[in-house]
Amino acid sequence: MTALRSSLFLVGGFLITAIFGMLVPAFGLFSYRAGLYLARSWARWVLKWAEWSCGIRHEVRGMENVPARPAVIMSKHQSAWETLYIEATFPYQCWIIKRELLWLPFVGWGLAAVRSIAIDRSSGVAAREQIVQQGAKRIAQGLWVSIFPEGTRVPVGKRGRYGIGGATLATRTGAPILPIAHNAGEVWGRYAFRKRAGTVQVVIGPVIETAGRDALSVNREVEAWIEGEMRRLNPERYADA
């Protein structure tokens, strides 16, 4: 049954993505905000389809922590689910992504249309400066910026190296950081075809203020909060971490 439901999701998810993959860039040519609206609509449709086809639901704690002003979202990265959730839930935003994602049909076209910040992760300091320069422009335009500080999907029970790009952007601009922990990998594996029915637990942390602080200490605080919350969500998974 799991394989059948996962197949159903794959077919429906592809159709939804193909439709919005053409609509987002098309409408984005005429109105940037229209592109953002459609990108959010795409994420909501795919999330709902995952719920209907695979039984993947979610519960959220900490929505009261979401600030009224633009912030830098820094989230744990275990699967594609949290990408959809963040896009569907929070104010209009741009993503910091690896540039290879722009080459994907439909998805890449949409990412380009909403002015994602595509970086070459191997370029080190140059990539960090690109994040700061372009991210500051997006924040000045009233957009939020979303980044996965580990840079790639990490298996359940593991932690990746937390890159400093998001913290550098936040400290340079004075934007607050909104940290997010979740256990989406329990039902939607990092590159898994099979998706299990279940409830994703999402925890939105207290805002981390960055004005007047250095990026290194801010990054350590973000990492400590996210990884600490992961242990509270699934202590059995992180016993040896």
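Excluded from the calculations below are hydrogen atoms, water molecules and symmetry mates; all remaining heavy atoms, backbone and side chain alike, are included. In this text, all values refer to a predicted model and were calculated from it rather than measured experimentally.
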Stepwise, does the side chain to side chain contact (heavy atoms under 4.5 Å, CB included) test hold for W52 with F9?
-> CA-CA 9 Å; W52 289 341; F9 169 78; over 6 Å; no
Tell me, with the steps shown, if N183 and V200 meet side chain to side chain contact (heavy atoms under 4.5 Å, CB included).
-> CA-CA 6 Å; N183 60 357; V200 178; 3.8 Å; yes
M230/R159 under side chain to side chain contact (heavy atoms under 4.5 Å, CB included): CA gap, chis, key distance, verdict = CA-CA 10 Å; M230 295 305 299; R159 69 195 293 174; over 6 Å; no
Hey, mind stepping through R232 and E229 against salt bridge (Lys or Arg N to Asp or Glu O under 4.0 Å) and telling me if it holds?
-> CA-CA 5 Å; R232 284 184 282 274; E229 201 59 42; 3.0 Å; yes
Could you please spell out the steps behind the salt bridge (Lys or Arg N to Asp or Glu O under 4.0 Å) verdict for K158 and E150?
-> CA-CA 11 Å; K158 303 296 183 182; E150 292 166 291; over 6 Å; no
Step-by-step side chain to side chain donor-acceptor pair (under 3.5 Å) determination, W42 to E87 = CA-CA 9 Å; W42 163 77; E87 178 66 32; over 6 Å; no
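Members clustered with V156: none, using a 4.5 Å side-chain heavy-atom cutoff among hydrophobic residues. Applying the under-4.5 Å side-chain rule to Ile, Leu, Val, Met, Phe, Trp and Tyr, the cluster around L4 extends to M1.
Under the 4.5 Å side-chain heavy-atom criterion for grouping Ile, Leu, Val, Met, Phe, Trp and Tyr, W49 is not connected to L10 through any hydrophobic cluster. Put simply, V132 and L216 are part of two different groups of oily side chains (I, L, V, M, F, W, Y) that touch within less than 4.5 Å, one to the next. Under a hydrophobic-cluster definition in which Ile, Leu, Val, Met, Phe, Trp and Tyr are linked whenever side-chain heavy atoms come within less than 4.5 Å, directly or via other members, L233 and W225 are assigned to the same cluster. Hydrophobic clustering places I16 together with L47 (ILVMFWY residues linked when any side-chain heavy atoms are closer than 4.5 Å, directly or through intermediates). Residues I164 and I180 do not share a hydrophobic cluster, defined by chaining ILVMFWY side chains whose heavy atoms lie under 4.5 Å apart.
For the pair K76 and E227, the salt-bridge criterion is met [side-chain N within less than 4.0 Å of a carboxylate O]. With salt bridges taken as basic N to acidic carboxylate O contacts below 4.0 Å, one links R69 and E209.
Between the side chain of T89 and the main chain of I86, no donor-acceptor pair closer than 3.5 Å is present. In terms of modelled atom types and a separation under 3.5 Å, the side chain of N65 and the main chain of I204 share a donor-acceptor contact. In this structure, the side chain of Q93 engages the main chain of P91 through a donor-acceptor pair within 3.5 Å. Listed for the R5 side chain is a donor-acceptor partner under 3.5 Å among the backbone atoms of S53. Side chain of S6 to main chain of K195: a donor-acceptor pair is present (N/O by atom type, distance under 3.5 Å, no hydrogens or angles).
The environment of CZ in F27 is sparse: at most 12 heavy-atom neighbours from other residues, nucleotides or ligands sit within 6.0 Å. The local environment of CZ in F90 is crowded, with over 12 non-hydrogen atoms from other residues, nucleotides or ligands closer than 6.0 Å.
Of all heavy-atom pairs spanning G163 and N219, the tightest one is O-OD1, 3.3 Å. Across all non-hydrogen atoms, the minimal contact from I208 to P179 is CD1-CG, 4.1 Å. Heavy atoms only, all atoms of each residue included: I226 and M74 are closest at CD1-O, 3.6 Å. The heavy-atom pair separating I147 from P149 by the smallest distance is O-CD, 3.4 Å. Between A175 and T210, the closest heavy-atom pair is O-OG1, 2.7 Å. Among all heavy-atom pairs drawn from P67 and L178, the shortest one is CD-CD1, 4.1 Å.
Y37 is not listed as a side-chain neighbour of S31, based on a closest heavy-atom distance of 4.5 Å or more. You'll find the side chain of Y85 reaches within 4.5 Å of the side chain of V60, heavy atoms only.
Listed by chain and residue number, nothing satisfies the side-chain hydrogen bond (donor to acceptor under 3.5 Å, both in side chains) test with W81 (two or more places apart in sequence, or in another chain). Residues that satisfy the side chain to side chain contact (heavy atoms under 4.5 Å, CB included) test with S217, not counting sequence neighbours, are R213, D214.
The CD1 atom of I131 lies 4.5 Å from the CD1 atom of I96; values are rounded to the nearest 0.5 Å. Atom CD1 of I56 sits about 10.0 Å away from atom OG1 of T199, to the nearest 0.5 Å. With rounding to the nearest 0.5 Å, the separation of CD in Q134 from CD in E129 is 11.5 Å.
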Give the table of side-chain donor-acceptor pairs shorter than 3.5 Å for residues 136-144, with sequence neighbours excluded, one pair per line with atom names and distance.
from, atom 1, to, atom 2, distance (Å)
R138, NE, R115, O, 3.0
R138, NH2, R115, O, 3.1

Would you give me the side-chain donor-acceptor pairs under 3.5 Å for residues 187-194, sequence neighbours excluded?
from, atom 1, to, atom 2, distance (Å)
R190, NE, R153, O, 3.4
R190, NH2, R153, O, 3.2

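Classification of the W95-F148 ring pair by plane angle, with boundaries at 30° and 60°, yields tilted.
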